[in-house]
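Okay, so here's the structure we're looking at.
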Amino acid sequence: MSTDRIYYFDTYVAGRRYHQADLAWDGLRPGMPLELRRDRDNQHDDSAVAIFATTDSGTYMLGFLPMSCNRPLAQLLDMGWGDAFSATLSRLDPSADYDKQIGLIVSIVRRTDKKNKADRKQTSTEKEQASADNARTAAGEPQTAAGKNQAVARSKTDAEFNLWKWKKRKKN
């Protein structure tokens, strides 16, 4: 079992009759990668996600994700998570209803090793800073500015949590 991708959902290309799917049809192959692009200017759907295929003869807009499944993905794309998803052409069925002839699978992609290494490095640096601040505090020395800010944030969070707990007890 591959852990590079996790299945998210499968669907079909909607609205293909209005775009370039027929021009691209001969170059489409199951398993080929597709590109998902957010279409914020779409006048028919404020959550539109366009689907593009690149063949030997060029890049073609095939259509859109159906309205019934595009909103969560559109919101994630708007938040900058586009590189966390991949789309793959899963089926070509000329005998199916015209708008359901092209199928695709959307997957969630594992983060790249380069990005994971940067996160691990940052995490270990933060741990080193926190342990140095703890040692300074234990020795009676002043903390660094970052350590003081973290302590203030923790105390504010604790105070907010205690207030929430007190209000909850008061209701009961």
In Å, rounded to the nearest 0.5 Å, how long is the span from CD1 of I51 to CG of L65?
4.5 Å
Just do the side-chain contact (heavy atoms from CB on, under 4.5 Å) check on D39 and V49 with the steps written out, would you?
CA-CA 6 Å; D39 183 3; V49 177; over 6 Å; no
Should V109 and L76 be counted in the same cluster of Ile, Leu, Val, Met, Phe, Trp and Tyr side chains packed under 4.5 Å apart?
no
Do I108 and W81 share a hydrophobic cluster (ILVMFWY, side-chain heavy atoms under 4.5 Å, transitive)?
yes
Rounded to the nearest 0.5 Å, the CD atom of Q75 sits from the CZ atom of R38 at a distance of 8.5 Å
Does V13 belong to the same Ile/Leu/Val/Met/Phe/Trp/Tyr cluster as M61, with side-chain heavy atoms less than 4.5 Å apart forming each link?
no
In Å and rounded to the nearest 0.5 Å, what is the CG to OG1 distance from L28 to T54?
10.5 Å
Quick one: side chain to side chain donor-acceptor pair (under 3.5 Å) partners of S47, sequence neighbours excluded?
R71
Residues clustering with Y12 (ILVMFWY side chains joined when closer than 4.5 Å, directly or via others):
none
Say whether, by atom type as modelled, one donor and one acceptor occur between the side chain of Q101 and the main chain of L92 under 3.5 angstrom.
no
Partner residues of R17 under the side chain to side chain donor-acceptor pair (under 3.5 Å) criterion, sequence neighbours left out
none
Within this structure, what is the CD1-OG distance for the pair I105 and S90, rounded to the nearest 0.5 Å?
4.5 Å
Note, F9 side chain near S107 side chain (heavy atom, < 4.5 Å)
no
Could you go through the side-chain contact (heavy atoms from CB on, under 4.5 Å) check for V106 and D10 one step at a time?
CA-CA 6 Å; V106 177; D10 66 277; over 6 Å; no
Any chance you could measure S86, atom OG, to I6, atom CD1, to the nearest 0.5 Å?
11.0 Å
Partner residues of Y18 under the side chain to side chain donor-acceptor pair (under 3.5 Å) criterion, sequence neighbours left out:
none
Under a 4.5 Å cut-off applied to non-hydrogen side-chain atoms, are L34 and T88 in contact?
no
Sequence neighbours left out, what pairs pass salt bridge (Lys or Arg N to Asp or Glu O under 4.0 Å) with at least one residue falling in residues 85-108?
none
Check whether any side-chain heavy atom of L89 sits under 4.5 Å from a side-chain heavy atom of R29, and report yes or no.
no
Should the pair D46-R40 be classified as a salt bridge under the 4.0 Å nitrogen-to-oxygen rule?
no
Hey, are the side chains of D22 and R16 touching, using non-hydrogen atoms and a 4.5 Å cut-off?
yes
Would you mind listing every ring-ring contact (aromatic ring centres under 6.0 Å, His included) that reaches into residues 38-66, with sequence neighbours excluded?
H19-F64
Do Y98 and L62 share a hydrophobic cluster, counting only Ile, Leu, Val, Met, Phe, Trp and Tyr and linking them when any side-chain heavy atoms are less than 4.5 Å apart?
no
Can you check whether N70 reaches T11 side chain to side chain, under 4.5 Å on heavy atoms?
no
